[in-house]
Amino acid sequence: MARVIVDVMLKPEILDAQGQAIARALPRLGFSGVSAVRQGKRFEVELDGPADEAALSDVRKMAETLLANTVIEDFTVTVEE
Amino acid sequence: MSAARVGVVTFPGTLDDQDAARAVRHAGGEAVPLWHADRDLKGVDAVFLPGGFSYGDYLRCGAISRFAPLMEELIPAARAGLPVLGTCNGFQILCEAHLLPGALMRNAGLHYICRDQGIRVESTATPWTSDFTEGQEIVLPIKHGEGRYVADETTLAALEAGGQVVFRYVGGNPNGSLDDIAGIRNEAGNVVGLMPHPEHAVEDLTGAPSTDGRGFFTSILKKLVNA
């Protein structure tokens with residue numbers, strides 16, 4: 001059993017309207033010193049077996065196919081320790 | 001002669017399929033219901049992908065619908081030239097399915113927008129817009145929260161150079177779409193997607209801002225009858 005994390009973030013050049021709204025809300029709540037916020041998605045993928053190279057290759061394929069839209073988003077795959 | 005048959009797809013969460021079917025019939029065509037779970041296009045001559053919130057917009061708008069069994073038939077058929085029109089959620093599905101380039105994102109102002117919107121027809125070189133004239137300004141309802149069209153610079157330049165921008169917003173960009181893009185077509189021209197709703201603007205009776213939506217349906221029916 002292993003847990004693999006897929007983080008999906010908008011590509012840097014894509015306007016993140018939600019992230020901007022969050023950044024604008026922070027000073028109103030008394031949080032200062034934040035220059036920008038970008039919002040993304042985190043997927044926790046539980047595997048039946050170990051996170052070997054074959055399994056990770058499958059997860060990357062899942063991310064490319066469904067979890068991320070690679071037209072607008074980048075993703076990273078990491079194995080949770 | 002039998003009427004041209006236009007398929008209207010229903011996914012779980014589709015809202016506008018009844019209006020779309022009615023608009024097809026209003027223009028003199030036969031509306032053929034297509035069900036997301038069937039691998040069957042029922043031999044239709046064209047397909048309308050209506051708006052709504054298919055699969056609850058889970059993950060991303062259109063991301064799940066794109067893998068519906070019906071889409072396994074529709075995607076190759078569209079690549080082979082079947083005329084397909086996607087409005088609103090249908091446009092989002094066409095982008096997720098990579099039948100159209102780019103993507104649709106949360107409106108720049110974050111608000112869901114429901115209003116009458118001016119649109120300029122930039123291209124009549126599609127089976128869905130041939131009854132308009134180039135540069136014609138029409139008014140259609142828009143109602144969406146995720147209609148901001150984005151694409152990378154290369155894609156955008158190719159769309160503009162290839163005349164693939166079919167509709168542009170006029171009188172104010174409602175959602176922050178790049179280049180005021182309201183709708184686009186694929187390179188071949190048979191697949192068209194737009195955020196506004198022609199199917200809601202075919203009859204005065206419903207209080208629509210216009211009957212400008214009729215042009216989409218008369219265009220495709222003429223094309224199919226003459227085919």
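If you're wondering where the values come from, they're calculated on a predicted model, not measured in any experiment. Throughout, protein chains are lettered first and strands after them, A, B, ... in sequence-line order, and every chain is numbered starting at 1.
Of all non-hydrogen atoms in A/Phe43 and B/Leu59, the two that sit nearest each other are CZ-CD1, 3.4 Å. Considering every non-hydrogen atom in both A/Ala17 and B/Ala108, the closest pair reads CB-O, 3.8 Å.
Proximity to chain A (any heavy atom under 4.5 Å) is shown, for B/Asp152, by neither the backbone nor the side chain. Within the 4.5 angstrom heavy-atom criterion, atoms from both the backbone and the side chain of A/Leu66 approach chain B. Of the atoms belonging to A/Lys41, it is side-chain heavy atoms, and not backbone ones, that fall under 4.5 Å from chain B. Proximity to chain B (any heavy atom under 4.5 Å) is shown, for A/Gln18, by both the backbone and the side chain. Heavy atoms of B/Arg66 lying under 4.5 Å from chain A are absent altogether. For B/Leu110, the part sitting under 4.5 Å from any heavy atom of chain A is the side chain, from C-beta outward, and nothing else.
Among the candidates A/Ile14, A/Val71, A/Val8, the residue making the largest number of heavy-atom pairs closer than 4.5 Å to chain B is A/Val71.
A heavy-atom distance below 4.5 Å is found between the side chains of B/Met105 and A/Leu10. Contact check for B/Arg148 versus A/Leu15: side-chain heavy atoms found under the 4.5 Å cut-off.
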Stepwise side-chain contact (heavy atoms from CB on, under 4.5 Å) test for A/Glu73 and B/Arg60: CA-CA 11 Å; A/Glu73 294 167 327; B/Arg60 296 176 307 275; 3.7 Å; yes
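Other residues, nucleotides and ligands contribute only 12 or fewer heavy atoms inside 6.0 Å of the CD atom of B/Glu187. Heavy atoms from other residues, nucleotides or ligands lying under 6.0 Å from OH of B/Tyr58 number 12 at most. The environment of A/Glu13 atom CD is dense: over 12 non-hydrogen atoms of other residues, nucleotides or ligands sit within 6.0 angstrom.
Going from atom SG of B/Cys61 over to atom CG of A/Asn69 covers 11.0 Å, rounded to the nearest 0.5 Å. Within the model, atoms CZ of B/Arg106 and CD of A/Gln39 stand 8.0 Å from one another, a figure rounded to the nearest 0.5 Å.
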